[in-house]
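Everything below concerns the one structure shown next.
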Amino acid sequence: MARTVRVGSRGSHLARTMVGELLGQLRTAHPDAAWTRHTIMTTGDLDRTTSLAELSASGAGVFASQVEAALLAGEIDVAVHSLKDLPTTPAPGTMLAAVPARHDVRDALCGATLDTLPQGARVGTSAPRRIGQLRHARPDVRPTPIRGNVPPRLHQMRQKGWSGLLLAAAGLRRLGLSDQITQFLDPWEWPPSPAQGTLGVQIRTGAEDAWLQELLSVVHDPVTDTAVRAERALLAALDGGCHVPIGATAVAGGPSLRLLGQVTAVDGSRAIRAEKTGSTQGPEALGAQVADELRERGATALLEELRTAPPPQRP
């Protein structure tokens with residue numbers, strides 16, 4: 001009799017697409033297992049008006065906590081997350097069983113390029129990191145809050161006459177919307193969120209679930225895992241989260257691992273950067289080293305200013 005594995009994720013169109021992509025690989029590798037999909041509506045899916053920064057500050061899990069709760073309650077066997085949404089400290093009783101090969105790591109601009117945006121243009125984005133990077137690159141541009149699934153965001157950009165929209169390239173490509181991209185942003189000039197473009201496949205830590213780790217090992221990519229461990233270690237060392245303006249990008253080449261970290265003021269006035277190369281055998285150590293260098297250059301004071309600043313006024 002086939003063993004049934006219940007796989008859960010948040011309810012967005014993109015999340016369902018990512019799970020479908022993953023299940024395609026797992027069904028091919030394990031045709032004798034029965035894989036079922038379960039959708040969990042998260043805080044971030046249910047509340048489409050409050051900014052992500054405000055939701056995160058309120059202590060809500062935004063995109064991960066309800067899925068983790070379903071996993072811990074035994075309602076699902078496997079939780080699939082966008083890894084950039086998953087806290088760097090594992091929820092007690094859970095572990096990452098697999099990190100599949102990374103998709104496109106870059107941010108993408110739709111509607112225009114950074115150079116062709118008109119003076120004072122409105123560009124849709126709600127992420128503090130993207131807001132800061134956009135203002136740093138183009139101080140005249142007006143970042144404008146926007147939430148929701150990707151296709152409605154693109155429609156809203158056109159409907160409201162905005163000049164651009166900032167999104168993750170991986171999401172656009174997974175949804176078959178690559179033709180909407182007018183510029184891919186170089187991750188070494190415009191570092192994305194730590195672990196952007198990567199999935200995290202989570203299970204419970206109990207011995208009775210050990211068989212799942214072996215089952216899921218077929219989708220694990222060690223090269224991607226090494227890179228995102230360095231990025232997430234940097235984020236953890238700076239006591240950051242997925243809605244703090246910290247960007248990072250790492251790439252492994254043979255035995256070497258290169259990591260760039262950047263903290264950007266949300267008003268765009270400052271961008272503090274640090275980069276180091278280390279060994280693929282110590283990604284967490286490299287992340288901590290880059291975080292130390294960022295702190296030495298003033299990142300701690302900048303992050304503290306951002307944490308204590310009043311929430312921005314909505315336009």
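Only heavy atoms go into these numbers, but all of them, side chains included; no hydrogens, no water, no symmetry mates.
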Which atom pairs, donor and acceptor, lie under 3.5 Å between side-chain atoms of residues 160-172 and protein residues at least two apart or in another chain?
none

For [X] and [Y], indicate whether the former's side chain and the latter's backbone hold a donor-acceptor pair under 3.5 Å.
{"X": "Arg142", "Y": "Gly120", "value": "yes"}
{"X": "Asp221", "Y": "Pro100", "value": "no"}
{"X": "Arg10", "Y": "Val67", "value": "no"}
{"X": "Gln196", "Y": "Val105", "value": "yes"}
{"X": "Arg270", "Y": "Leu302", "value": "no"}
{"X": "Glu284", "Y": "Ala233", "value": "no"}
{"X": "Arg232", "Y": "Leu86", "value": "yes"}
{"X": "Ser82", "Y": "Asp85", "value": "no"}

With clusters defined by side-chain heavy atoms of hydrophobic residues (ILVMFWY) lying less than 4.5 Å apart, directly or transitively, does Val244 cluster with Ile272? yes
Which donor-acceptor pairs under 3.5 Å do side chains of residues 68-76 form with protein atoms, sequence neighbours excluded?
from: Glu68; atom 1: OE2; to: Gln202; atom 2: NE2; distance (Å): 2.8

Distance, nearest 0.5 Å, that separates CZ of Arg130 from CG of Leu109: 11.0 Å
